[in-house]
Colleague: 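Got a structure for you, questions after.
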Amino acid sequence: MASPEAARSQLRCDIDLQAQGKATGFVRLPHSVHRSAYGWIPIPIVRIANGPGPRVLMVAGNHGDEWEGQIALGRLIQSITPEQIRGQLVILPSANFPASMAGQRTSPIDDGNLNRTFPGDPLGSVTEQIAWWMEHALLPGFDYSFDFHSGGNSLVYLPSTLAYRDRDPQRMEAVLGLVRAFGAPAAYIVDAPLSGGRSFTAASIRQGVTSIATEVGGGGYVTPQSMALMEGGMRRLLAHVGLWQGTAPPAPATGTRLTEVRGDDCYVYATEAGLFEPLVDIGTEVRRGQPAARIHFQHTPWREPVLLQFQRDALVLCKRGPAPCERGDCLFQLATDLPAA
Ligand SMILES: [Zn+2]
């Protein structure tokens with residue numbers, strides 16, 4: 001029985017997500033345009049179900065230019081059979097499908113950033129409609145949601161998992177269990193947004209679904225290392241929650257370093273437009289006052305570059321990829337070790 005909010009969505013899923021077995025299909029988003037008056041946008045979706053067990057939703061392509069999760073979920077879809085699982089698995093590999101098709105973070109139709117759009121609007125722009133459907137029609141009823149991000153075109157991450165801080169120690173421990181199961185070299189915890197959080201993780205929490213996200217790689221490309229972590233991490237998550245009945249590749253023995261990103265001094269921003277030259281790479285331990293980057297000026301190459309410094313002792317979690325930068329672009333994100341509870 002659909003909730004009143006779900007019933008307001010204009011999107012229709014052409015497979016039954018509650019049925020047993022494996023099915024592939026599309027979420028149909030009505031989109032009337034010049035070349036197709038009565039057409040719809042086909043957002044791929046897959047269901048695999050086998051009796052009672054955990055109910056898990058896996059999402060990628062929330063940002064269209066983050067490829068690791070989209071590729072790895074495709075590989076999972078191709079190989080997984082109902083006999084290998086207990087419970088229900090629903091996979092939405094390219095959630096912002098127009099953005100994914102354009103290879104962009106945001107949708108080319110309405111410029112919408114899906115992960116800043118929840119809870120969306122059932123009669124709003126294309127991206128707002130996707131968000132509304134995901135929050136109100138898709139999410140309710142799941143035990144877990146996993147949202148597979150990476151740095152996208154503009155950022156490159158030290159492969160990480162990402163979770164919201166939870167004041168309830170039992171729920172926090174459950175989230176950290178998921179984080180450790182994925183097996184990324186680092187994880188970072190951020191303060192939970194208030195009820196108005198616009199991300200898919202915030203939407204999941206509003207709907208009572210335990211959720212983590214990833215930031216694996218980025219730069220608009222994938223590597224053998226980032227794909228191995230993404231594919232292995234997905235299997236380890238599914239095994240950890242008791243859905244996947246097969247063997248999962250072991251997590252790296254080095255474990256996951258638990259960190260947090262807290263405070264404005266965790267970020268280095270470009271103070272001028274120019275060419276960004278990083279002076280350290282991701283994974284580096286830096287000190288307050290240490291040179292972080294130079295910004296060079298093509299229009300006036302005789303001008304001394306601007307030198308930017310780190311504002312705290314920390315681990316470099318993420319850096320900008322492209323050299324051209326504008327004032328206000330994020331150049332680095334830093335993390336510090338999570339204090340013991
Ligand atoms: Zn993202």
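Everything quoted here is computed from the prediction, not taken from an experiment. Note that ligands are numbered from 1 as they come in the structure, with each ligand's atoms numbered from 1 the same way.
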Colleague: Within 45° of the ring axis of Phe276 and under 6.0 Å from its six-membered ring centre, is that where the NZ or CZ of Arg320 lies?
Modeller: no

Colleague: What heavy-atom pair brings Ser94 and Ile43 nearest, and what distance separates the two atoms?
Modeller: O-CG2, 3.7 Å

Colleague: Suppose we screen for side chain to side chain donor-acceptor pair (under 3.5 Å). Which residues come up paired with Asp264, at least two apart in sequence or across chains?
Modeller: none

Colleague: Using the side chain to side chain donor-acceptor pair (under 3.5 Å) criterion, which residues pair with Asn115? Sequence neighbours excluded.
Modeller: Asn62

Colleague: How about Phe310 and Phe332: are their ring centroids closer than 6.0 Å?
Modeller: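 Yes, the ring of Phe310 comes within the 6.0 Å limit of the ring of Phe332, centre to centre.
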
Colleague: Measuring from the Zn ion (ligand 1), count protein N/O/S atoms under 2.8 Å, please.
Modeller: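 Excluding waters, the total comes to 4.
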
Colleague: Who are the side chain to side chain donor-acceptor pair (under 3.5 Å) partners of Arg257, not counting sequence neighbours?
Modeller: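 Per chain and number, Arg257 pairs via side chain to side chain donor-acceptor pair (under 3.5 Å) with Glu285, Asp337.
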
